[in-house]
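Down below is the structure, laid out as structure tokens.
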2 protein chains.
Amino acid sequence: MIDLRGIRKTYVMGETRVEALRGVDLHIGAHEFVSIMGPSGSGKSTLMNIIGALDRPSEGTYLLDGEDVSRLTDNQLAHIRNRKIGFVFQTFNLLPRKTTLQNVELPLIYGGYSPKERREKARMTLEQVGLGDRMDHRPAELSGGQRQRVAIARALVTDPALIFADEPTGNLDSRTGEEIMEIFTALNRDRQVTVLLVTHESDIAAHARRIIHIKDGLIDSDRLNHD
Amino acid sequence: MIDLRGIRKTYVMGETRVEALRGVDLHIGAHEFVSIMGPSGSGKSTLMNIIGALDRPSEGTYLLDGEDVSRLTDNQLAHIRNRKIGFVFQTFNLLPRKTTLQNVELPLIYGGYSPKERREKARMTLEQVGLGDRMDHRPAELSGGQRQRVAIARALVTDPALIFADEPTGNLDSRTGEEIMEIFTALNRDRQVTVLLVTHESDIAAHARRIIHIKDGLIDSDRLNHD
Ligand SMILES: Nc1ncnc2c1ncn2[C@@H]1O[C@H](COP(=O)(O)OP(=O)(O)OP(=O)(O)O)[C@@H](O)[C@H]1O
Ligand SMILES: Nc1ncnc2c1ncn2[C@@H]1O[C@H](COP(=O)(O)OP(=O)(O)OP(=O)(O)O)[C@@H](O)[C@H]1O
Ligand SMILES: [Mg+2]
Ligand SMILES: [Mg+2]
């Protein structure tokens with residue numbers, strides 16, 4: 001399903017080179033529930049951006065469902081990102097001048113839904129993350145954890161086959177965080193959604209069946225969760 | 001030191017009213033180390049913004065060191081914010097076109113330091129939070145946790161008497177988070193800095209001597225930490 005081989009990512013800034021990923025091999029199968037942990041700056045978001053087809057590696061290959069992502073056209077990539085993948089960004093990336101509802105409706109624009117269907121689907125997803133009463137607020141009129149939940153709702157609204165979440169509970173109290181994890185767990189269990197989530201919190205990581213540790217741009221350990 | 005009485009904050013959006021704070025009384029003395037916890041959307045950042053003199057309450061009074069903050073001139077308020085208070089924002093608020101070093105030097109501009117002194121002070125603070133090798137990066141060239149640490153360094157660089165930190169470790173792995181808490185603890189213990197920090201993590205809250213819980217815009221509990 002997700003097949004990374006020899007993945008490297010180097011940022012060049014004038015004379016400096018930052019090797020964010022230094023040779024990552026990773027295979028994630030369909031329906032898996034995987035956590036990725038590691039120190040700040042170790043390469044987790046860089047890895048997620050490559051897996052989410054938002055960025056290209058400097059070296060190595062990425063096969064997604066058998067297709068070489070680097071050979072796909074921009075249109076094919078956009079299609080994968082819109083239909084197959086739901087991505088929760090570490091820094092939310094909401095549109096500041098749109099309301100919560102508009103932000104969550106956005107991925108449905110090219111999905112062939114009527115405006116009424118889009119509105120209803122977005123509304124239901126927002127209810128699911130506890131923001132049914134914040135639909136007309138703009139991002140600046142929301143708390144940090146509410147913005148995070150809008151980003152989560154936007155990733156879920158298209159019913160994607162793959163959910164990639166980069167620290168989705170960093171701004172949430174433990175109870176709200178558990179409610180979000182329950183959504184991901186149910187999607188994985190009942191709808192076979194593949195879930196890949198980066199987290200700093202071991203309580204959150206423990207919801208996954210497999211836990212991968214990243215350190216200095218390399219995979220440090222990759223084990224099944226035995227809890 | 002920090003004296004809040006009957007503090008209310010209501011946001012009016014057309015016909016909707018959101019009562020973010022609904023009558024908060026709070027006294028925090030000099031040299032205290034206080035954690036504030038509570039559910040997402042309960043009013044913590046709103047409270048911090050009022051205490052940090054970044055926002056005004058709709059009702060109630062705020063005395064800071066005996067002075068009524070609502071009666072201060074804009075110049076006096078700016079002076080307090082620049083010299084007395086170090087504020088770590090939940091969403092970092094870094095200047096995107098400035099480097100890490102420039103972002104951290106910024107609060108020192110009106111402090112009477114020479115450019116060389118400013119640079120040195122900023123560099124030392126960045127070393128303290130583990131970012132000595134990221135000084136020329138712009139925010140977009142940093143990881144989430146690195147941006148968070150730049151925001152922390154910027155709050156510390158002026159040697160403030162009061163540190164207000166809104167979820168300073170949300171994007172940090174536990175070890176880096178502990179390093180940051182060690183900085184705050186040392187400032188409180190050795191330099192009598194008053195520390196007020198909002199957090200969702202009880203391990204982080206446990207570093208404080210007093211833990212306040214906020215719920216629905218009101219103080220729900222306020223106890224000494226008996227660990
Ligand atoms: N500018 C605004 N206009 C309208 N409502 C607002 C505005 N800012 C905040 N709110 C609302 O006020 C409430 C309190 O927000 P606040 O940011 O203080 O919460 P918080 O406790 O910091 O939450 P979190 O833990 O998610 O950061 C929230 O329900 C939020 O939707
Ligand atoms: N555009 C860029 N240019 C230069 N260096 C970069 C760029 N983006 C990221 N980096 C560097 O690459 C490294 C990995 O970054 P990444 O965002 O993947 O870390 P992370 O594991 O997600 O960290 P965190 O837990 O703090 O979010 C970091 O050291 C960062 O400074
Ligand atoms: Mg990251
Ligand atoms: Mg907040």
Side-chain angles (χ1 to χ4, degrees), chain A residues 11-16 18 20 37-46 48-49 89-92 94 99 129-131 133-149 166-167 169-177 179-180 198-205 213-215, chain B residues 11-16 18 20 37-46 48-49 89-92 94 99 129-131 133-149 166-167 169-177 179-180 198-205 213-215:
Chain A
Y11 295 106
V12 182
M13 308 162 58
E15 308 227 340
T16 330
V18 177
M37 302 185 80
S40 174
S42 55
K44 306 179 297 297
S45 295
T46 303
M48 289 294 272
N49 290 341
F89 292 88
Q90 185 171 5
T91 46
F92 319 155
L94 304 178
T99 64
V129 299
L131 292 178
D133 60 353
R134 288 287 181 274
M135 294 199 291
D136 300 328
H137 288 232
R138 288 185 170 70
E141 296 163 335
L142 294 173
S143 78
Q146 289 168 344
R147 284 175 216 166
Q148 187 153 41
R149 282 180 276 160
D166 196 348
E167 301 192 36
T169 64
N171 282 283
L172 301 177
D173 55 283
S174 41
R175 182 167 154 191
T176 310
E179 287 168 18
I180 295 302
V198 172
T199 182
H200 282 310
E201 299 173 66
S202 24
D203 292 351
I204 296 293
H213 281 264
I214 305 253
K215 198 174 169 192
Chain B
Y11 296 105
V12 181
M13 308 162 57
E15 309 228 337
T16 330
V18 176
M37 302 186 79
S40 173
S42 55
K44 305 177 299 298
S45 296
T46 303
M48 290 292 272
N49 290 339
F89 293 89
Q90 184 171 6
T91 46
F92 320 156
L94 303 178
T99 63
V129 299
L131 292 178
D133 60 355
R134 290 286 182 274
M135 294 200 291
D136 300 327
H137 288 232
R138 289 184 170 70
E141 296 163 335
L142 294 173
S143 77
Q146 289 168 345
R147 285 176 216 166
Q148 188 153 41
R149 283 181 274 161
D166 196 348
E167 302 197 27
T169 64
N171 282 284
L172 301 176
D173 55 284
S174 39
R175 180 166 155 191
T176 311
E179 287 168 18
I180 295 301
V198 171
T199 180
H200 282 309
E201 299 172 66
S202 24
D203 292 352
I204 296 293
H213 281 265
I214 305 253
K215 197 174 171 194

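Values below: every heavy atom of this structure, side chains too, minus hydrogens, waters and symmetry copies. Every chain is numbered from 1 and lettered A, B, ... according to where its sequence line falls, protein lines coming before strand lines. Just so we're clear, the structure is a prediction, and the values are computed from it rather than from any experiment.
For E167(B), the part lying near chain A is the side chain, with the backbone staying farther off; criterion is any non-hydrogen pair under 4.5 Å. Only the side chain of E141(B) comes within contact range of chain A, with heavy atoms under 4.5 Å apart. Interface remark: S45(B) contributes no atoms to any contact with chain A (heavy atom separation under 4.5 Å).
At least one side-chain heavy atom of R134(A) sits under 4.5 Å from a side-chain heavy atom of V18(B).
Counting heavy-atom pairs closer than 4.5 Å to chain B, the top-ranked of the candidates A20(A), G43(A), G177(A), S143(A) is S143(A). Most heavy-atom pairs under 4.5 Å with chain A, from the set S174(B), P39(B), G130(B): that is P39(B). Comparing M13(B), Q146(B), K44(B) by how many heavy-atom pairs each has under 4.5 Å with chain A, the most go to M13(B).
Expressed to the nearest 0.5 Å, how far CG of D136(A) lies from CD of E15(B) amounts to 11.5 Å. Note: L142(B) CG to S40(A) OG = 9.5 Å, rounded to the nearest 0.5 Å. Taken from CD in Q90(B) to CD in Q148(A), the straight-line distance is 9.0 Å, to the nearest 0.5 Å.
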(request) Check step by step if side chain to side chain contact (heavy atoms under 4.5 Å, CB included) holds for T176(B) and H200(A). (result) CA-CA 10 Å; T176(B) 311; H200(A) 282 310; over 6 Å; no

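Smallest separation of non-hydrogen atoms from D173(A) and G38(B): CB-O, 3.9 Å.
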